[in-house]
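Every number for a ligand or one of its atoms is a count from 1 in the order of the listing.
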Amino acid sequence: MNSYINQVDFFKGNNPEDIAKQYGTPVYVYNEEIIREHMAAVGKVITKYPYTANYSVKANTNIEILKLALDEGINCDAMSPGEITLLLKAGFPAERIFFVSNNVSAEEMDFAVKAGVTVSLDSLDQLDRFGQVNPGGRCAVRINPGVGAGHSEKVITAGKNTKFAIAEADIDEIFAIAKKYDLKIVGINQHIGSGFLDPQPYLDAVANLLRIADRFENLEFIDFGGGYGIPYHKLDDEAPFPMEDFKKKLEPILDEFVERYGKAPLFKSEPGRYCVAEGSLILSRVQAIKQNAGVKYVGTDVGMNTLIRPAMYDSYHDVELVRDGKVVDRVDMEEVNVSGPICETGDLIAKHRMLPVAKTGDLVAVLDTGAYGYSMASPYNSRPRPAEVMICRDGSLKQIRRRETIEDLLAYF
Ligand code: LLP
């Protein structure tokens, strides 16, 4: 693909140069339509049985994006009282929020219980604490299905090498603790990792979780977690997550379970990245170009403070060059490193990347930044976080978060 921006008409007739001038750079730009399409798609992963997708809001907690999930009729999962609060503020009723907790305090559990949000506990110790906080209450437990997958070891959340979930070997203990505090285990959940494009490990994990589910009586729901990847190498025509094929393979696994369990509980999934990643890019300005030891550096204002994924996981994000409001054709390319303004050698958004020859003043568009982009941004080097702007369905622009200011940073002191 020569240009994702042109292929999907990302800016819907708006001139990216005008957006950069109006809101400053770097700036996160979202496309409402693309996000809605992805949210709608995850809502249809299972159609034969009762099912709801929970958008995993850690990927992007902008309230205007949470409102899109609300409007698309999907539910959400939260990882902290902060995320629960943002969801309530966006208009989600408590029963549409699921708190997938990990190493939380009694106060945080109490916060969720008082808000009316169902909590998932992910260790025996936490289940015991929940029993103390909310005796006689309802909750879910997170089970390790023994299979993990993900784009980096750092984001594989099941299998042997992870802090998450309760092992199958400890299930009798779950029942013992539930009995001690008269807890009702209404659901079980899993999450095997993030950003896989091969659905097979996930299908294996679903089958394992359903085998484990046989041991739980009267489950109201079974949640298979998220993790569906997106094609970050789209300019090289990487294939997307094979959603249709995946759905076809998932159905017989569910059929078999429903038959032996005697009823279909509510099935759930928890996709984050898939919903939002492809619906956003960062516009940044080329500030300086230099050669160091034979390597050309295109120095921009998008650094690891704005997008940590390349520095943290060695993640790949496609980059397009924009000049005078138009994407520069991918011809006459040269190899460059795209760097940011942060005081670290690892502050590289793209390494050894073929790009059309860039000039100071051009815009660089970093693609697929809607998930774990702004939500992981920081004011490192005391650089205020950027603005976020939405290109609405009708093509109008809406600022959905203002740029942070240096005064904002001073406000903490
Ligand atoms: N549910 C649970 C319990 C999770 O831990 C996660 C992600 C999700 C759902 C959503 O997974 P997704 O569908 O987005 O893959 N910061 C990393 C990703 C960390 C994911 C952590 N857990 C990155 O930038 O790639």
Side chain or backbone, does Tyr274 bring an N or O within less than 3.5 Å of an N or O on ligand 1? no
In ligand 1, the atoms that come under 4.0 Å of a heavy atom of Val100 are 3 (C)
Is Lys268 close enough and on-axis enough to Tyr51, meaning under 6.0 Å and within 45°, for cation-pi? no
Atoms of ligand 1 less than 4.0 Å from Ser56 heavy atoms? 1 (N), 8 (C), 9 (C), 10 (C)
Donor-acceptor check, side chain of Ser120 to backbone of Val100, threshold 3.5 angstrom: yes or no? no
Ligand 1 atoms in contact with Gly195 (distance to a heavy atom under 4.0 Å): 15 (O)
Check against ring-ring contact (aromatic ring centres under 6.0 Å, His included), His191 and Phe164: CA-CA 9 Å; His191 180 71; Phe164 292 108; 7.9 Å; no
A student checking ligand 1 against Pro271 at a 4.0 Å heavy-atom cut-off should list atoms 13 (O)
Donor-acceptor check, side chain of Tyr4 to backbone of Glu320, threshold 3.5 angstrom: yes or no? no
Hey, looking at atom 7 (C) of ligand 1, which of His151, His191, Lys154, Met312 has the closest heavy atom? His191
Please indicate whether any nitrogen or oxygen in Tyr228 is less than 3.5 Å from any nitrogen or oxygen in ligand 1. no
Any side-chain donor paired with an acceptor under 3.5 Å for Glu270 and Ser56? no
Under 4.0 Å from ligand 1, counting heavy atoms only, is it the side chain of Arg309, its backbone, both or neither? side chain
Test your reading of the model: is there a side-chain donor-acceptor pair from Asn189 to the backbone of Gly225, 3.5 Å cut-off? no
Check whether any N or O atom of Thr157, backbone or side chain, sits under 3.5 Å from an N or O atom of ligand 1, and answer yes or no. no
Under a 4.0 angstrom heavy-atom cut-off, which atoms of ligand 1 come close to Gly227? 11 (O), 12 (P), 13 (O), 15 (O)
Return a yes/no value for Val155: is any of its N or O atoms, backbone included, closer than 3.5 angstrom to an N or O of ligand 1? no
Is it the case that the ring center of Phe111 lies less than 6.0 angstrom away from the ring center of Phe99? no
Any N or O of Gly272 closer than 3.5 Å to N or O of ligand 1: yes
Tell me if the aromatic rings of Phe246 and Phe241 count as close, with their centers under 6.0 Å from one another. yes
May I ask you to identify, for Phe164, whether its side chain, its backbone, both or neither come under 4.0 Å of ligand 1 on a heavy-atom basis? neither
Please check if any side-chain donor atom of Tyr181 sits under 3.5 Å from a side-chain acceptor atom of Asp128, or the reverse. yes
Distance from atom 15 (O) of ligand 1 to nearest protein heavy atom, with residue and atom: Ser194 OG, 2.4 Å
Contact check: Arg142 vs ligand 1, nitrogen or oxygen atoms, below 3.5 angstrom: no
Which atoms from ligand 1 have a heavy atom of Arg273 less than 4.0 Å away? 12 (P), 13 (O), 14 (O), 18 (C), 23 (C), 25 (O)
Looking at Asp125, I want to see if its CG is surrounded by more than 12 non-hydrogen atoms of other residues, nucleotides or ligands under 6.0 Å. no
Per-atom contacts of ligand 1 with Gly226, taking only distances under 4.0 Å to non-hydrogen atoms: 13 (O)
Can a donor-acceptor pair be found, under 3.5 Å and without considering hydrogens, that links the side chain of Ser269 to the backbone of Pro271? no
Is the contact between Met376 and ligand 1 made by the side chain, the backbone, both, or neither, using heavy atoms and a 4.0 Å cut-off? side chain
